[in-house]
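Read the structure below first, then the notes.
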Amino acid sequence: MNRFFSLLFLGVLTQSASAQVTFQQIPGLTFFDSVGYLNGVSWVDVDNDDDLDVCVTGSGGTFPNFTNISGIYLNNGNETFTNTGLLNSIQKNAFRHGWADYNNDGNLDLYIGATSNSNGINELWTNNGGTSLTLTPNTGVTPNVAQPYEGTVSWADYNNDGWADLFLPRWNDLKNRLFRNNGNSTFTEVTVGAIVNDLAWTSGGFWGDYDNDRDQDLFVVNYQIGTSVPAPGNNHLFRNNGDGTFTKNTNAGQVVTIQQNGRSANWADVNNDGFLDLFVCNQFGQDLLHLNQGDGTFTTNLIGGTNHTSWSSNWGDYDNDGDLDLVTLGFWNTDSRFWENDGQGNLSDATASHPNIFPTSTSGSNSNGVVWVDYNRDGWLDLHITQPDLLPDRFFENEKTTCRSWLEIKCIGIESNRAAIGTTLRAKAQIGGNSVWQMRQVSAQTAATGNNPMLQHFGFDDAAQVDSLVVEWPSGQTCVFTQVAVNQIIDIQEDCTVKATQAAPPLPGTTHNTTICLPFEGIFQFQPNSPAGGTWTASCGNCINHNGFFSPQNLPAGEYLLRYQQGGICDGTADTFWINLVEPPILMLSNDTTVYEGMEVPLEVSGASTYEWQPSGNLSCGICADPVFTADTTTVFVVIGRDAAGCIATDSMTVTVLPELKFDMPNAFTPNGDGSNDVFMPAFKDDIFKLFHMRVFTRWGELIFESNSPNQGWNGMLKDISLPSDVYVYIFEYSLTDGRSGQKNGDVTLLR
């Protein structure tokens, strides 16, 4: 977590809250182009380092001698970018593009479309972890197809099987194409249904779940239908049936009946009613805002002037006031526009409030791509606009105001597609004293020639926290979080685990640091210094309740931020708790071993800071890492290790002690029945003999005793007759358990 960044942000919060949000143009960024036609632009995390990189596709030169100037510029994390050469497309006239993790390996992959006048082949590039991109071979099982192309690259998992599919609109009165992902890095083209059999000049396909049934519906924007010019056509809305097929919705209202030269569209919940609305850009006509009525129909509002050409548009809450605002890009000598939303879907022209953005050097016309992006992770959306030919691209950094909160969320699918395309997020907060719900949906295509990051941005104005955050996954899984901290960037996985990649900045007040060792059983309660009546938020979702009870059981090791806040985001104070969840140390012990009695055995342990050995008897040291054990009996040693944080781990090892393999032969015995030295036999401990053979003779060589058992000795008798005191001769042959063998010969004296 970037605490350094958080402290810098706190300094910004001390300014006035009344300033108008403005933009400052940043010249000279490396991904800018002033020599070619950059048509596609997107901001994605190509290398999975939690900052956003830039992808641009387009061409330089003139027809037919185009040159490819596409590139991927990696974010260096300090507001600079480097073209690493990851993209080496062979297309002469690369056009628009789209990103999706088509193979669910955790890396976003790139598809580039060629234009109709270059005879190029569309290209699918597989991301190898941000270190390289590999062009997928054109083997017939990938959507690398030759086609007249003018529209979007539109990824979505339309059949909810967990794999991103691809829709390609086509120009020149041709059928559109849909490629179903087979889940094994191959695709099958779908050829059945109106969605791929209507003839039109299609500008784009835009996926969105307009009926909130958790599958992706498709809006198809048509420039014209038929071969006569201009022959404006109506657009098509295909409702997903949930079984891999679609039904054309012809009763949705003017959204599917108005005939215009459609250029692009985007889905957005414009009026915060929980349903996706639809904005359509038109050429030689008027832009249209279709408001979703929640029953499969739309009402239509006219936006902007007549006989106007807008090629692209995009929505973003640039002022963090809790509603989505709109930028439209004019073309053919018509102006671009900046539209302010009142939160109810009513748009007012705020172009004059941003004179350094509009008009551009060409009086607002001929811009292509537009993307809203928080490129420097400060919680405020910046604006990227591409332009054709010799005109430089433009990037405008949000100068931001204060006392307005925000939240940015990256969704990571598990059962759903990994990029979480189609996932719906709903957030409720108290804005201006009112309870306001907002909705976002993860999309891979938010504009004609560009795509906002899949990282979802919410603005919450004066809200001090997000009261409820609901994530609805295409799989049917739903995650619900309450009392979520604002001004942070978080990852949410489909299993509802939360990770803050950038924690909320601290507020004035006390700061506490606590280490909790895992695994932790039960509940940990935090006691703030501030009085009652505040609210708890956490960077780990629902890990703390309103009484300060913290549950770390399902959290991975790492640092988490808890906050008990009084007041608002600008005038509030807080008890800030930095929680460090620490895994126990991993002890590395000597292997179990077997030794003989009396040996000195070195023992070793590592992985912690201090150690305690139990039992400590017969050890040279009971609290060191390398004691020496004097082997006396088989012992199971338990080692307790503590790391620098005080976290404890235990492990054990066993030293098996074998008896000392030796024996003594007595030179005399007294079989008088007193229980002491009554029998002649080897003196030994435990079971040391593998083979045993002892014989006793008189001095004249007569055999008087023989035994094959180490536990059976001579009692001085021969056939129940006591032999007299005398010197006798023995021969003892043996084999020990350690493999040694031998023979002992000697004399023994019998005394009576």
Side-chain angles (χ1 to χ4, degrees), residues 38-46 52-58 70-72 86-87 89 91 93-104 107-115 120-127 133 135-136 142-145 147 149-158 163-171 176-181 185 187 202-208 216 218-221 263-267 311-314 368-373 384 386 413 417-423 441-456:
L38 285 183
N39 203 292
V41 56
S42 60
W43 286 75
V44 292
D45 188 2
V46 176
L52 294 170
D53 312 300
V54 188
C55 177
V56 290
T57 51
S70 302
I72 295 173
L86 289 176
L87 183 59
S89 173
Q91 291 179 7
N93 195 2
F95 211 59
R96 302 171 188 179
H97 66 265
W99 292 84
D101 186 358
Y102 82 91
N103 55 4
N104 286 343
N107 303 301
L108 290 172
D109 309 298
L110 174 65
Y111 187 86
I112 304 175
T115 59
I121 302 294
N122 296 350
E123 296 176 342
L124 176 61
W125 291 80
T126 300
N127 187 346
L133 289 162
L135 180 61
T136 305
T142 63
N144 294 355
V145 292
Q147 62 177 95
Y149 186 88
E150 289 288 349
T152 56
V153 171
S154 303
W155 290 98
D157 180 12
Y158 78 89
W163 301 91
D165 312 298
L166 182 63
F167 178 79
L168 298 177
R170 295 209 293 172
W171 202 243
N176 298 320
R177 307 182 78 166
L178 176 63
F179 293 88
R180 183 180 67 249
N181 191 332
S185 297
F187 293 78
T202 300
S203 299
F206 298 87
W207 298 96
Q216 292 289 287
L218 181 65
F219 185 69
V220 175
V221 179
R263 274 299 184 182
S264 66
N266 34 53
W267 293 98
W311 268 25
S312 189
S313 62
N314 220 329
N368 266 334
V370 54
V371 171
W372 290 106
V373 53
H384 185 182
T386 64
N417 68 92
R418 182 66 179 266
I421 298 168
T423 300
Q441 196 168 105
V442 181
S443 174
Q445 191 66 46
T446 60
T449 62
N451 190 48
N452 289 348
M454 295 183 193
L455 184 78
Q456 298 302 299

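Just so we're clear, the structure is a prediction, and the values are computed from it rather than from any experiment.
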Restricting to side-chain contact (heavy atoms from CB on, under 4.5 Å), what partner residues turn up for Asn266, sequence neighbours left out? Phe279, Ser313, Trp315
Short side-chain to backbone donor-acceptor contact, Asn452 and Trp372, under 3.5 Å: yes
Donor-acceptor pair, distance only, cut-off 3.5 Å: does the side chain of Asp53 make one with the backbone of Asp45? no
For Val373, which residues count as a side-chain contact (heavy atoms from CB on, under 4.5 Å) partner, sequence neighbours excluded? Trp43, Leu52, Val371, Tyr375, Phe395, Pro453
side-chain contact (heavy atoms from CB on, under 4.5 Å) partners for Ala419, two or more places apart: Asp101, Leu108, Asn417, Ile421, Met454
Taking atom types as modelled, is there a side-chain donor on Glu123 or Ser89 under 3.5 Å from an acceptor on the other? yes
Taking atom types as modelled and ignoring hydrogens, do the side chains of Thr126 and Thr136 form a donor-acceptor contact shorter than 3.5 angstrom? yes
Give a yes-or-no answer on whether the side chains of Asn176 and Thr202 include a donor-acceptor pair shorter than 3.5 Å. yes
Quick one: list whatever passes side-chain contact (heavy atoms from CB on, under 4.5 Å) with Leu86, sequence neighbours left out. Val46, Ile72, Leu74, Thr84, Leu133
Not counting sequence neighbours, which residues clear side-chain hydrogen bond (donor to acceptor under 3.5 Å, both in side chains) with Asn451? List them please. Thr446
Side chains of Ser443 and Trp207: is there a donor and an acceptor less than 3.5 Å apart? no
For Asp109, enumerate each residue passing the side-chain hydrogen bond (donor to acceptor under 3.5 Å, both in side chains) test, keeping only those at least two apart in sequence or located in another chain. none
Contacts of Phe206 meeting ring-ring contact (aromatic ring centres under 6.0 Å, His included) (sequence neighbours excluded), chain-then-number -> none
By side-chain hydrogen bond (donor to acceptor under 3.5 Å, both in side chains), which residues pair with Trp267, not counting sequence neighbours? none
Non-neighbouring partners of Gln441 that pass side-chain hydrogen bond (donor to acceptor under 3.5 Å, both in side chains), sequence neighbours left out: Gln216, Thr424
CZ (Phe187) and CG (Asn181) are apart, to the nearest 0.5 Å, by 4.0 Å
